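The block underneath contains the structure these notes are about, expressed in structure tokens.
None of the values given here were measured: they were computed from a predicted structure.
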Amino acid sequence: MASDAWPSAAELAARLDVHLDDVELLERALTHRSWAFEQGDTATNERLEFLGDAVLGLVVTDEIFHAHPDEQEGRLAKVRSAAVKTGSLAAVARELGLGRFVRLGRGEAASGGADKDSILADTLEAVVGAVYLDQGFASAYDLVERLFGARLRELAGHGAALDFKTSLQELAAARFDELPRYEVSDTGPDHAKTFTAVVRVAGEVVGRGVGASKKQAEQDAAREAYGHLATAAGATPL
């Protein structure tokens, strides 16, 4: 399954500072379905991604639960959601240079797949799943803690910035007794769409956003809208 086109899985293990008895398991974690399809191999990293997602969520939850004993459930949920969302996982993956290691089919590689948020996030989860399977929960916990510890501490102090859509919804409900309405359009080919979102509150456009996904564009629009409404209400925008 390995290929000279990518650095070895052993090199990635060294970068992660983890030991794996079964390096082929880490190779599997790096195998995108586009590569598997081209090679006539039915095994991809998707099962490991499924497992790693659960391990990652548990470790992050445990970390923030014990680090913030006085926080309410809603606040903890926002921190967790911000930490494990696709954009956050992709940012961690980029810091590791993970895109260089992902086994991609020719078409996916040519379209910039090695730097796509979704592929990077999925691969990182698969790597966590591989470490868990090979070395157990303690090793997986240690890896996630090293990769996400600083990010979790940073997110804990971000207030509304954890989830601008939710914060805007709460602010709009309190001030106008109604929920924000989003209008989203897209341009570009299917593999590289750009989404533009407009958010209205009380009939007025209060924010606009652009992103590589509908969700990202809506969050960007919500961030602008939250800042606008918070300033109008005399509060300090976050």
Side-chain angles (χ1 to χ4, degrees), residues 1-20 22-57 60 82-134 140 143-144 146-148 150-151 186-196 209-217 219-220:
M1 178 168 51
S3 169
D4 293 337
W6 294 277
S8 69
E11 181 182 332
L12 176 60
R15 179 171 298 195
L16 294 172
D17 193 22
V18 296
H19 167 77
L20 281 88
D22 184 1
V23 178
E24 288 190 2
L25 191 62
L26 187 55
E27 292 274 5
R28 180 65 65 199
L30 299 170
T31 303
H32 187 259
R33 62 178 175 271
S34 62
W35 167 259
F37 177 77
E38 285 188 4
Q39 302 302 310
D41 188 351
T42 58
T44 72
N45 65 2
E46 292 174 352
R47 281 174 55 84
L48 287 173
E49 173 203 336
F50 169 76
L51 179 62
D53 174 68
V55 174
L56 178 64
V60 168
V84 301
K85 68 182 182 181
T86 298
S88 294
L89 299 184
V92 172
R94 287 191 181 94
E95 291 171 4
L96 291 169
L98 189 59
R100 295 174 51 238
F101 296 87
V102 186
R103 279 64 171 155
L104 296 169
R106 289 186 295 273
E108 191 64 69
S111 67
D115 195 48
K116 287 183 180 177
D117 280 7
S118 59
I119 290 178
L120 290 173
D122 292 348
T123 304
L124 182 61
E125 289 177 335
V127 168
V128 171
V131 173
Y132 168 76
L133 272 185
D134 190 84
L143 174 62
V144 173
R146 285 189 284 110
L147 293 179
F148 288 86
R151 190 172 298 270
D186 62 78
T187 58
D190 288 343
H191 69 277
K193 284 186 178 295
T194 297
F195 294 83
T196 301
V210 178
S213 68
K214 177 182 177 182
K215 184 176 181 180
Q216 184 180 343
Q219 278 286 353
D220 196 41

Report yes if the side chains of [X] and [Y] come closer than 4.5 Å at any heavy-atom pair, otherwise no.
X: Arg146; Y: Asp17; value: yes
X: Leu104; Y: Ile119; value: yes
X: Glu95; Y: Arg151; value: yes

Please name all residues satisfying side-chain contact (heavy atoms from CB on, under 4.5 Å) with [X], sequence neighbours left out, ordered by chain then number.
X: Gln216; result: Ala212, Ser213
X: Ser8; result: Ala10, Glu11
X: Leu16; result: Leu12, Val18, Leu96, Val127, Leu143
X: Ala9; result: Val23, Leu26, Glu27, Leu30

Residue set satisfying side chain to side chain donor-acceptor pair (under 3.5 Å) with Arg94, at least two apart, ordered chain then number -> Asp115, Asp117
Applying side chain to side chain donor-acceptor pair (under 3.5 Å) to Thr196 and not counting sequence neighbours gives none
State which residues pass salt bridge (charged side-chain N to carboxylate O under 4.0 Å, His left out) with [X]; sequence neighbours excluded, sorted by chain then number.
X: Asp53; result: none
X: Asp186; result: Lys193
X: Asp134; result: none

To the nearest 0.5 Å, tell me how far [X] [atom1] sits from [Y] [atom2].
X: Glu38; Y: Arg103; atom1: CD; atom2: CZ; value: 14.0 Å
X: Glu24; Y: Thr31; atom1: CD; atom2: OG1; value: 10.5 Å
X: Asp22; Y: Leu133; atom1: CG; atom2: CG; value: 9.5 Å

Could you pull out the closest heavy-atom pair between [X] and [Y], with the gap in Å?
X: Leu89; Y: Ala121; answer: CB-CB, 3.6 Å
X: Ala130; Y: Ala29; answer: CB-CB, 4.0 Å
X: Val210; Y: Asp220; answer: N-OD2, 3.2 Å
X: Thr44; Y: Ala36; answer: CG2-CB, 3.7 Å
X: Ser88; Y: Ala83; answer: CB-O, 3.3 Å
X: Ser111; Y: Lys116; answer: OG-NZ, 3.5 Å

Polar side-chain atom of Arg100 near backbone of Pro7 as donor-acceptor pair, under 3.5 Å: no
Side-chain donor/acceptor of Thr194 to backbone N/O of Thr187, under 3.5 Å: no
Contacts satisfying salt bridge (Lys or Arg N to Asp or Glu O under 4.0 Å) that involve residues 42-52 (not counting sequence neighbours) are Arg33-Glu46
Contacts satisfying side chain to side chain donor-acceptor pair (under 3.5 Å) that involve residues 122-133 (not counting sequence neighbours) are none
